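Working notes, beginning with the structure itself.
Residues take their numbers from the sequence shown, with the count starting at 1. Given the structure is predicted, the values throughout are model-derived calculations rather than measurements.
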Amino acid sequence: MRYHGTVTSTQDSLRAWADHPDQPAPHGAVMVAERQTAGRGRRGRTWDTTHGTLVFSVLLTRNLRGGPLTLADLPLMPLAAGVAVQRAAGVGGLKWPNDLLAPDGRKLAGILLEADLRGEEARRAVLGIGINVTAAPRDAAHLSALRAPGTPEPTRAALLGTLLLELERALAAPPAQTLHDWRTANVTLGRPVLIHTHEGPLEGVATDLDAQGSLIVTTAGGPRTVSAGDVQLVGTLAPDAARSGPAP
């Protein structure tokens with residue numbers, strides 16, 4: 001594990017460590033930082049970090065069977081990470097494909113998986129996680145405000161230790177267990193959604209996940225399957241509300 005005060009992003013810093021010619025980062029290496037100046041979320045969105053945010057990245061260079069990563073190993077990793085984040089936080093629900101939401105629907109944590117590909121294999125994957133612990137950007141939530149009365153103030157150090165343990169367990173789970181655990185903790189399935197994809201907007205009811213972790217959406221034209229890589233934005237719609245656009 002390495003800790004830095006300020007980095008451009010923990011994703012980039014961990015990747016640079018992995019490329020070090022003499023002492024490259026090993027599988028499972030962790031990069032933690034106080035602050036990111038160019039942190040990013042999915043699709044290049046800004047990943048805002050404040051003093052009260054836990055932000056770190058984990059290097060994954062092999063699959064759970066000890067072999068090289070393949071493209072098939074990647075889709076379930078963010079879902080497994082979501083399960084770990086929800087368990088460590090002890091509150092909230094998982095929004096497909098990569099967010100933890102507070103009970104009131106505000107964003108509490110985000111997950112970013114970036115893979116460096118080499119043909120049909122993934123040379124490595126870098127898993128980034130950010131959790132609002134004692135502070136949050138505007139319109140987001142943080143754990144400190146959600147803790148039960150009488151419970152101690154959460155700390156980023158304690159949360160990191162718990163989360164790394166949960167992450168190791170979640171990534172080691174069989175695919176069927178990962179899907180079951182994600183379904184149990186999710187707030188997406190069974191709800192009307194508006195999904196912006198590369199091919200345009202898709203509206204329907206989120207029905208289930210397939211074996212690869214893609215979202216199955218029941219639309220007026222029949223079921224559609226959407227992979228996380230095709231998604232630009234997912235919004236949840238109120239069943240009877242006027243549908244002028246996606247919810248946050």
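At a threshold of 4.5 Å between non-hydrogen side-chain atoms, the residues Val85 and Leu167 do not count as touching. Residues Ser9 and Thr37 form no side-chain contact, since every pair of their non-hydrogen atoms from C-beta on lies 4.5 Å or further apart. With a 4.5 Å cut-off on side-chain heavy atoms, Ile195 and Val217 count as touching. A 4.5 Å side-chain heavy-atom check between Thr10 and Val32 finds every atom pair outside the cut-off. Counting heavy atoms from C-beta outward, Leu59 and His27 have side chains that stay 4.5 Å or more apart. Looking at heavy atoms from C-beta onward, Leu79 lies in side-chain contact with Leu209 at the 4.5 angstrom threshold. Proximity of Pro97 to Pro78: side-chain heavy atoms (C-beta onward) are nowhere separated by under 4.5 Å.
Connection of Met1 to Ile131 is established within a shared hydrophobic cluster, with ILVMFWY side chains joined at heavy-atom distances below 4.5 Å, either directly or through further cluster members. By the rule that hydrophobic residues join a cluster once side-chain heavy atoms approach within less than 4.5 Å of another member, Leu113 and Leu14 end up as members of separate clusters. If you chain together hydrophobic residues whose side chains sit under 4.5 Å apart, Ile111 and Leu60 fall into the same group.
There is a side-chain donor-acceptor pair under 3.5 Å between Thr207 and Thr218.
Taking CG from Leu159 and CG from Leu143, the interatomic distance works out to 6.0 Å, rounded to the nearest 0.5 Å. To the nearest 0.5 angstrom, Leu76 atom CG is 6.0 Å from Thr178 atom OG1. Between atom CD of residue Gln11 and atom OG of residue Ser57 there is a gap of 3.5 Å, rounded to the nearest 0.5 Å. Separation of atoms CG (Leu160) and CG (Leu54) is listed at 5.5 Å; rounding is to 0.5 Å. Put simply, CE on Met31 and CZ on Phe56 are 13.0 Å apart, with the number rounded to the nearest 0.5 Å. Summarising the geometry, atom CG belonging to Leu164 is positioned 8.0 Å from atom CD1 belonging to Ile129; distances are rounded to the nearest 0.5 Å.
The main-chain N or O of Leu112 is never found under 3.5 Å from a side-chain atom of Asn98 such that the two would form a donor-acceptor pair. Listed for the His4 side chain is no donor-acceptor partner under 3.5 Å among the backbone atoms of Ala33. Side-chain atoms of Gln86 do not come within 3.5 Å of backbone N or O of Leu94 as any donor-acceptor pair. Here the side chain of Asp99 pairs no donor or acceptor atom with the backbone of Leu101 at under 3.5 angstrom. For the pair His20 (side chain) and Gln23 (backbone), a donor-acceptor distance under 3.5 Å is present. Under a 3.5 Å cut-off, the side chain of Asn63 and the backbone N or O of Pro68 do form a donor-acceptor pair.
For Thr197, there are no side-chain hydrogen bond (donor to acceptor under 3.5 Å, both in side chains) partners two or more places apart in sequence or in a different chain. Scanning for side-chain hydrogen bond (donor to acceptor under 3.5 Å, both in side chains) contacts around Asp181 gives Arg87, Gln177, with sequence neighbours left out. With sequence neighbours left out, Arg183 forms a side-chain hydrogen bond (donor to acceptor under 3.5 Å, both in side chains) with Asp208. Scored by the side chain to side chain contact (heavy atoms under 4.5 Å, CB included) test, Thr70 finds Ala72, Asp73 as partners (sequence neighbours excluded).
Looking at every heavy atom in both residues, Gly222 comes nearest to Thr219 through O-OG1, 2.6 Å. For the pair Thr53 and Ala135, the tightest heavy-atom approach, listed with the atom from each and the gap, is OG1-O, 4.3 Å.
Here salt bridge (Lys or Arg N to Asp or Glu O under 4.0 Å) pairs that include residues 139-150, with residues two or more places apart or in two chains, are Arg147-Glu153.
Here the options are Val193, Asn186, Val231, the test is side-chain contact (heavy atoms from CB on, under 4.5 Å), and the partner is Trp96; only Val231 passes. If you run side-chain contact (heavy atoms from CB on, under 4.5 Å) between Leu215 and each of Asp210, Leu202, Leu189, only Leu189 comes through.
Salt-bridge formation is detected for the pair Glu34/Arg156: a Lys NZ or Arg NE/NH1/NH2 atom is positioned less than 4.0 Å from an Asp or Glu carboxylate oxygen. Between Arg124 and Asp19, at least one side-chain nitrogen of the basic residue sits less than 4.0 Å from a carboxylate oxygen of the acidic one, meeting the salt-bridge criterion.
Taking Ile, Leu, Val, Met, Phe, Trp and Tyr as members and joining any whose side-chain heavy atoms lie under 4.5 Å apart, directly or through other members, Ile216 forms no hydrophobic cluster with any other residue.
For Arg224, the CZ atom counts as loosely surrounded, since its 6.0 Å shell holds 12 or fewer non-hydrogen atoms of other residues, nucleotides or ligands. Atom NE2 of His180 has 12 or fewer neighbouring heavy atoms from other residues, nucleotides or ligands inside a 6.0 Å radius.
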